[in-house]
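The block underneath contains the structure these notes are about, expressed in structure tokens.
Model, not experiment: these values are computed from the prediction.
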Amino acid sequence: MQVASYLPNRNLALELVRVTEAAAISAAREQGRGDKHLVDQAAVDAMRAVLSRTDLDGIVVIGEGEKDEAPMLYNGERVGNGNPPQVDVAVDPVDGTRLTAEGKGGALAVIALAEKGSMYAPGSLVYMDKIAVGEEAAGTIDIDAPVLHNLKQVGKAVGKEINELTVVILERPRNNDYIRQVREAGARISLIADGDIQGAITTAIRGNGIDLMLGIGGSPEAVTTACAMAALRGEIQCKLWPRDDVERTYAREHGHDLNRVLTTKDLVDSDNTFFAATGVTTGALLRGVRFGGIHTSTHSVIMRSESGTVRFIEADHRVEWVEGAIKP
């Protein structure tokens, strides 16, 4: 009975959303100024300040930087006020820093939790090849199969012809072959400039018109996405994608199998994950922060895998609360 107190036994997502709200508001203040480092600094400072007052004993397993690259929340950093539960933490203070800096839509502030020891740690292997779908198509995809095969499988699962499917792909040269294959198959493509956490999640939230996500993106984003997919009952499959021989050597020396298909369960081995995200700038999933008078408005989503609950939250924050929340 005593051990149970060290496991997440309440809906932490309702507390975590305060963390993402503060990060999103701080980042949005720097929107369009052209400085992505300023965006990250603002979000990290706010996220760290609110986390320090949150009841949890967490270790950052998935962060954006190492200790000597502050202000990032670094891998291995302890967060929370030290009280139970003990958890692994994945953070992306702004998924879409460049989008925010350039005044473009689709940026989110994101945090995810799961029991201590449950999150996959890719180390210095920062990219993964990915495929993600929603609940209807879960169990039908195979990252090792040709693109056409997966499009056919998803089409059957969701009741669409291939030319009716929409695939979201991160617009990068490394994904040009995916773009070519999808177009040759006749499916539609939604190209995103950044933010593949949002891209993957939209496959599993009804009403977004996205059926499948393909392409090579960040490894930290894959683990964070898996925490959300566990709640959404969707599916993500990944394979580590080394950029060069140095990373291939690193993988071999650290026991990472480059041929292994990493499932949602491999990325986060927990039935009790928590996920929270707040829109920084308006995108397909969430509206961005809106400033006005004495109130600041936010739009967030929170999820818990144990119950499968997904809540969208609209909040109006008084300016004095916002200022108090983001200051240590």
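Atom CD1 in I162 sits 5.5 Å away from atom CG in L151 (nearest 0.5 Å). Note that CD1 of I111 and CD of E15 are 11.0 Å apart. Values are rounded to the nearest 0.5 Å. Rounded to the nearest 0.5 Å, atoms CE (M128) and CG (L262) are 5.5 Å apart. Rounding to the nearest 0.5 Å gives a distance of 11.0 Å between CD of E161 and NZ of K156. For the atom pair D92 CG and T224 OG1, the distance stands at 6.5 Å (nearest 0.5 Å). Considering CG of L267 and OG of S219, their distance stands at 9.0 Å, rounded to 0.5 Å.
Inspection of the N272 and R304 side chains reveals an N or O donor paired with an N or O acceptor under 3.5 Å. For the residue pair S118 / S270, no side-chain donor-acceptor distance below 3.5 Å is found, with atom types taken as modelled. T298 and H317 are linked by a side-chain donor-acceptor pair at a separation below 3.5 angstrom, with hydrogens and angles left out of the test. N150 and D142 share no donor-acceptor pair across their side chains, judged by distance under 3.5 Å alone. For the residue pair R290/S297, the side-chain donor-acceptor check at 3.5 Å is not satisfied.
Side chain of D95 to backbone of L108: no donor-acceptor contact under 3.5 angstrom is found. Judged by distance alone, the side chain of T54 and the main-chain N or O of V50 form a donor-acceptor pair under 3.5 Å. Although no hydrogens or angles enter the test, the distance criterion places no donor-acceptor pair under 3.5 Å between the side chain of H256 and the main chain of A251. A donor-acceptor pair under 3.5 Å is formed between the side chain of S52 and the backbone N or O of A49. The backbone N or O of I210 sits nowhere less than 3.5 Å from a side-chain atom of T202 that would complete a donor-acceptor pair. Of the possible donor and acceptor atoms, none in the side chain of E221 sits under 3.5 Å from a partner among the backbone N and O of G195. For K130 (side chain) and G218 (main-chain N/O), a donor-acceptor pair under 3.5 Å exists by modelled atom type. R172 places a side-chain N or O within 3.5 Å of a backbone atom of A193 that can act as its donor or acceptor partner. Side chain of Y127 to backbone of L240: no donor-acceptor contact under 3.5 angstrom is found. Checked by atom type and distance alone, the side chain of S305 never pairs as donor or acceptor with a backbone atom of A230 at under 3.5 Å.
At a threshold of 4.5 Å between side-chain heavy atoms, the hydrophobic network of Ile, Leu, Val, Met, Phe, Trp and Tyr places V147 and I141 in one connected group. Linking ILVMFWY side-chain heavy atoms closer than 4.5 Å, directly or via other members, places V223 and Y250 in a single hydrophobic cluster. Note: the hydrophobic cluster containing V110 also contains V310 (ILVMFWY, side chain heavy atoms under 4.5 Å, direct or indirect links). Cluster membership check: I143 does not share its hydrophobic cluster with I216, using side-chain heavy-atom separations under 4.5 Å among Ile, Leu, Val, Met, Phe, Trp and Tyr.
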What's the verdict on side-chain contact (heavy atoms from CB on, under 4.5 Å) for F275 and M229, showing C-alpha distance, side-chain angles and the deciding distance? CA-CA 9 Å; F275 177 92; M229 283 302 201; over 6 Å; no

Run the side-chain contact (heavy atoms from CB on, under 4.5 Å) check on I131 and M213 step by step: do they pass? CA-CA 5 Å; I131 182 171; M213 188 200 77; over 6 Å; no

Please step through side-chain hydrogen bond (donor to acceptor under 3.5 Å, both in side chains) for the pair D129 and Y178, ending with a clear verdict. CA-CA 11 Å; D129 199 358; Y178 276 120; 2.8 Å; yes

Does D55 form a side-chain contact (heavy atoms from CB on, under 4.5 Å) with N81? I'd like the steps, not just the answer. CA-CA 6 Å; D55 280 333; N81 61 12; 2.6 Å; yes

Worked check of side-chain contact (heavy atoms from CB on, under 4.5 Å) between L286 and T278: CA-CA 7 Å; L286 298 169; T278 300; 5.5 Å; no

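In this structure, the side chains of W241 and E247 stay at 4.5 Å or more apart for every pair of heavy atoms. Contact of the I313 side chain with the I302 side chain is registered, since non-hydrogen atoms from C-beta on lie closer than 4.5 Å.
A side chain to side chain contact (heavy atoms under 4.5 Å, CB included) with L214 is found for exactly one of L170, N175, I189, V182, namely V182.
Residues M119 and C227 approach most closely at CE-SG, 3.8 Å, considering heavy atoms.
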